[in-house]
**Q** 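The structure under discussion is supplied below as structure tokens; questions concerning it will follow.
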Amino acid sequence: MRLRGCQEHRWGGNRCRSRFVWVLLAACSASISLHLRFCYPFKQGHLALSNPGAAIVEGLPAVTPRLRHTQQGAAGSNDDSSQPAPPKVRDAASIFAGTAIGGGSLALPTVVAPMGLAPAMLGLIIASVFVTVTSLAYGEVALAVTASRQEDDDSTAVSVVTIVFDVLGRSAAVACSVAFVTQMLVIQTAQVIKAGEILGFLFGMPYQFCCFTTALLLGVFSHVASFSVVERGNTALTATLVTGFLMLLVSISMTISHFSWGQLISRLSFADWRYLSPTASTWAIPVFVQMLMSGPAVPIVVGRLGLNRPKGIYSAITIGALIPLLICISWSAVSLAVTAFGGTCAVPDVADPVLQMLSCSPDVAIPVALVAIGAIGTTIVPCNLCLGQFVSDAICTALGVSDASDMGDKSILVRRLSKIVTVLIPICLACGGPKLFVPLLAFNGSCPTTLLYGLMPPVAALTLRGVLGRARDRVPQPGTQKRRLVPGGTPVLGLCTLAAVAMLVVSAGRILMR
């Protein structure tokens, strides 16, 4: 469908809004039917691993009790005749790539719009190289820790917190736990903010009401519905995201031929390199790191491919890291192309490119809405599960409350209150307004995410190599080279460590100067 002038495409009145809602719901229903095609081949032990939500749940230090039996089943003996065939590298790569695709992608058009495509591509490539190397370091340490735990007959799920505890000790693990809680709260808050902004823009409802409704409904869905329902819903949301992005690519490719190439080339060739510098008002690199980081999926990749396939793990991580990079570059180009058409899409006084695209004709607005629904949903739901369980476990441990035997009344009360609090906190923080969306993602990428998945893995790998002292007795230093994944060895790990420290220091300085 060819885009037309601004006045022809601005939607006015309740009738147009109602038509948009019905078409959107129809598209969502159609996309749900596609979830088996996109996600079923990668299921394991009744846990859909191809969607970002399940991947995050599997890779973090604490999961809900109703997930634990599936983890134990997945980690069972390979002698079981009911075990499926060994997973392929492409399946593990899809898991790794899917973890990075989520609600943070909705910030990309806002970050890219003032800087242009060329600086955005360079920044994304830099962030992708950093993420890939740190993920390989994480995989190298995960191999060592997993092998050590198997020797001790310890079936505890491996995560960045357990790895840091085994290699670096309790103090570093506590710091990672605090960073994890902060990361989850910031992610939830950012997605609640974006959901409230989009719903308020489309339907004219108060922003605070939209934030409260979104967080409450997804919180009830995450904590009250059975796991099978949550899994299917999250898989459907993933299919919705993929469907919307493919529809948007097709729509733009069919529309772009009707417009002046000169106008499009001028928009895509614009470049402002200042946004790659820490001195810019919005430093783009931490946002890109947050969008591309797939750290939580590394233990899944290691667990699925096994300890004897380090080359397969290396291939899965490197290929899986390339997919989000290509998607982000495509999404950047598409958003710039749509906004390059000038007044054809924009609503006056709306600066957010995502909202501008939602004000376009339905051939653009509906795919963007599907992307937003899928991205926000597949981020908030697993964050609710992970954060609620992590906080409730921590509180129960601190209070000496145990639910190992019969889930006593005190344990049930503590866990329910903990989950309610973890849903309400992002609602309160979201009242700060839509302008917090990008700064929150930038903070997350530069501080907790960089600490968890950018600094700790290379430091742990250097410790296992004997460069930064010796690891705790729980994890012996490897005597062979067969499980070393990072190309370039110790010098590359040292550069990654310095880069992560530099990002943390610069980000702390930016925060203190504001």
Side-chain angles (χ1 to χ4, degrees), residues 100-132 134 186-187 190 193-194 197 263-293 321 324-342 345-346 350-357 375 432-450 454 496 498-514:
I101 303 171
S105 59
L106 297 178
L108 191 59
T110 304
V111 176
V112 171
M115 66 188 304
L117 184 60
M121 290 178 62
L122 178 60
L124 286 167
I125 291 172
I126 293 172
S128 181
V129 171
F130 176 74
V131 167
T132 302
T134 55
V186 171
I187 290 175
I193 286 173
K194 198 62 181 179
E197 182 184 24
Q263 183 182 9
L264 179 62
I265 293 174
S266 175
R267 183 70 181 96
L268 295 181
S269 61
F270 168 78
D272 188 345
W273 301 93
R274 294 175 300 173
Y275 287 90
L276 296 180
S277 170
T279 59
S281 57
T282 300
W283 187 19
I285 297 297
V287 181
F288 295 157
V289 169
Q290 175 63 33
M291 293 177 188
L292 298 175
M293 185 60 73
L325 173 63
L326 297 177
I327 291 176
C328 285
I329 291 176
S330 302
W331 178 225
S332 301
V334 166
S335 65
L336 289 173
V338 172
T339 55
F341 302 145
C345 295
V350 175
D352 190 337
V354 173
L355 300 184
Q356 289 182 1
M357 288 186 282
K435 292 183 179 180
L436 292 177
F437 179 60
V438 173
L440 284 175
L441 291 178
F443 166 78
N444 221 29
S446 61
C447 294
T449 298
T450 298
C496 271
L498 292 176
V501 171
M503 183 176 294
L504 290 169
V505 171
V506 171
S507 301
R510 285 170 57 89
I511 294 173
L512 294 175
M513 292 177 63
R514 290 185 177 181

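Just so it is clear, the model here is predicted, and its values are computed rather than measured.
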**Q** Shortest non-hydrogen contact from A120 to F288?
**A** O-CE1, 3.9 Å
**Q** Please name all residues satisfying side chain to side chain contact (heavy atoms under 4.5 Å, CB included) with T449, sequence neighbours left out, ordered by chain then number.
**A** Q183, Q290, M293, N444, Y453
**Q** Tell me the closest heavy-atom pair linking W283 and R510, and the distance in Å.
**A** N-NH2, 3.7 Å
**Q** Quick one: side chains of residues 105-119, donor-acceptor pairs under 3.5 Å with protein atoms, not counting sequence neighbours, listed by atom name and distance.
**A**
unit_1 : atom_1 : unit_2 : atom_2 : d
S105   : OG     : G102   : O      : 2.7
T110   : OG1    : D352   : OD1    : 3.2

**Q** Could you check whether any side-chain heavy atom of F443 comes within less than 4.5 Å of a side-chain heavy atom of P448, counting everything from C-beta outward?
**A** yes
**Q** Who passes side chain to side chain donor-acceptor pair (under 3.5 Å) against S277, sequence neighbours left out?
**A** T279
**Q** What heavy-atom pair brings T282 and Y275 nearest, and what distance separates the two atoms?
**A** O-CD2, 3.5 Å
**Q** Yes or no on side-chain contact (heavy atoms from CB on, under 4.5 Å) for S332 and M121, after CA distance, side-chain angles and deciding distance?
**A** CA-CA 9 Å; S332 301; M121 290 178 62; over 6 Å; no
**Q** Report the distance from atom CG of L325 to atom CG of L124, rounding to the nearest 0.5 Å.
**A** 6.0 Å
**Q** Can you sort out the partners of L122 under side chain to side chain contact (heavy atoms under 4.5 Å, CB included), two or more places apart, ordered by chain and number?
**A** I126, W273, L276
**Q** Taking all heavy atoms of G104 and all of M291, pick out the closest pair and write down the distance.
**A** O-CE, 3.3 Å
**Q** According to side chain to side chain donor-acceptor pair (under 3.5 Å), does anything in residues 432-442 pair up with another residue at least two apart or in another chain? List the pairs.
**A** none
**Q** For V131 and L292, work out which heavy atoms get closest and say how close.
**A** CG1-O, 3.5 Å
**Q** Please list all pairs passing the side chain to side chain donor-acceptor pair (under 3.5 Å) test where one or both residues lie in residues 111-132, with sequence neighbours left out.
**A** none
**Q** Which heavy atom of L504 sits nearest a heavy atom of C447, and at what distance?
**A** CD2-O, 3.5 Å
